[in-house]
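Inspection log for the structure reproduced underneath, given as structure tokens.
All values reported here derive from a predicted model rather than from experimental measurement. Lettering of chains follows the sequences in order, A, B, ..., and the numbering in each one begins at 1.
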Amino acid sequence: MPSSPNAVPDTFFFEPPLLLARALVGTVLRRRIRECWLAVKIVETEAYALEDLASHSSLGRTPSREPMFGPPGMIYMYWSRGGPSLNISALGAGNAVLIKAGVPYFDDRSPQETLKVMHRLNPTRGGGTRPQHRLCSGQSLLARCLDLKVAEWSGRSFDAQRFFLEDQGGQPSLLQTRRLGIPKGRDEHLPWRFVDRRLSRSATRNPLTRRNARDGGTYLSLEPGDPTGTFTGPHSPPRR
DNA sequence: CCAAAGATGCGCT
DNA sequence: GCGCATCTTTGGG
């Protein structure tokens, strides 16, 4: 028998974007494909805000960006550079969290054999099988291996029948650092990205697996219960 | 048309 | 593992 659904309550999403981004790391996305429940544990997120030059919402309110302005917990998806990306609206109009990377997750509801389905949904360019730790180690890879499409999911809410979020109760040790892919002058140095330290090799480029200058070796350590991070490495430039 | 909150392959260490 | 060039696909201008 499958275990009973354990979706987070709507109130889970009623947090400002930085707190929600932090809270989301370690939670599990459940996605039903026919009779099969796929699951991915989130290992990396980024926060975006209305008054944040990197955010889509800062570019103005349009129909496709409308979910970012909706109530907390709305799904916002967009397509960029050849792939889809999954976001969840946070407390405050225009605020959201980008789900940046994950790892396949298994339990009674989502047994090991579901891995085959995720591999089939997200093959390499040549049709080959990815290493398991790289199967959903990026925002588009994650959306693909859960079969989440912009047209189908953007503007919707989570749904206990097909796609929902589950809190596993763990508080992973995190690092907090700069977001990726933000152009110069667009609030690129805000440390609004959160990575599960233990699973950092399944995240995108980060200070634990890469040493290049774009992260500047600068990050914060966030331990369970810490209200704020502890600096590790040189200081980053101040905002504006 | 083309920039974009990406991904990949390749050459090097 | 790391850095960079190249490929990708779409919506908004």
Next item on the list: Round to the nearest Å and state the distance from A:Leu98 atom CG to B:dA4 atom P.
Entry: 16 Å

Check: Can you tell if the side chain of A:Phe194 reaches within under 4.5 Å of the side chain of A:Leu18, non-hydrogen atoms only?
Finding: yes

Next item on the list: In whole angstrom, give the distance that lies between atom CG of A:Leu148 and atom C1' of B:dG6.
Entry: 17 Å

Please list each protein N or O that sits under 3.5 Å from an N or O in nucleotides 9-13 of chain C, with the distance.
from: C:dT9; atom 1: O2; to: A:Gly82; atom 2: N; distance (Å): 3.4
from: C:dG12; atom 1: OP1; to: A:Ser64; atom 2: OG; distance (Å): 2.6

Check: Measuring from A:Ser57:OG to A:Tyr76:OH, what's the distance to the nearest 0.5 Å?
Finding: 8.0 Å

Notebook entry, point to check: Rounded to whole angstrom units, what separation is found between the CD1 atom of A:Ile182 and the P atom of B:dA3?
Noted result: 18 Å

Notebook entry, point to check: Do A:Ile99 and A:Ile88 have side-chain heavy atoms sitting under 4.5 Å apart?
Noted result: yes

Note to self: Any salt bridge linking A:Asp107 with A:Arg30? Criterion: basic side-chain nitrogen under 4.0 Å from a carboxylate oxygen.
What the structure shows: yes

Next item on the list: Grab the CG-C1' distance between A:Asn122 and C:dT8 for me, whole Å please.
Entry: 14 Å

Check: For the side chain of A:Tyr78 and the base of B:dA4, is some donor closer than 3.5 Å to an acceptor across the two?
Finding: no

Margin query: Do A:Pro172 and A:Arg198 make a side-chain contact, defined as non-hydrogen atoms from C-beta onward lying under 4.5 Å apart?
Written below: no

Next item on the list: State, with a plain yes or no, whether a side-chain heavy atom of A:Phe13 is found less than 4.5 Å away from one of A:Leu20.
Entry: yes

Notebook entry, point to check: CD of A:Gln139 versus C1' of B:dA7: gap in Å, rounded?
Noted result: 10 Å

Margin query: Using whole Å, what does the distance between atom C1' of nucleotide B:dA7 and atom CG of A:Leu135 come to?
Written below: 14 Å

Notebook entry, point to check: Does the side chain of A:Gln132 come within less than 4.5 Å of A:Pro104's, by heavy atoms?
Noted result: yes

Note to self: Give the dot-bracket line for DNA chain B from 5' end to 3' end: parentheses for intra-strand Watson-Crick or G-U pairs under 3.5 Å, square brackets for crossings, | for inter-strand pairing, dots for unpaired.
What the structure shows: ||||.|||||||.

Checklist line | Spacing between A:Arg179 atom CZ and B:dA5 atom C1', to the nearest angstrom | finding: 8 Å

Notebook entry, point to check: With a cut-off of under 6.0 Å to the ring centre and 45° to the axis, is A:Arg179 in cation-pi contact with A:Tyr48?
Noted result: yes

Notebook entry, point to check: Contact class for A:Met68 vs. all strands (heavy atom < 4.0 Å): base, sugar-phosphate, or nothing?
Noted result: base

Note to self: How many whole angstroms separate atom CZ of A:Arg125 from atom C1' of B:dG9?
What the structure shows: 7 Å

Notebook entry, point to check: What is the nucleic acid contact for A:Ser85, judged by heavy atoms within less than 4.0 Å: base, sugar-phosphate only, or nothing?
Noted result: nothing

Item checked: Side chains of A:Arg193 and A:Lys100 in contact at under 4.5 Å (non-hydrogen atoms) -> yes

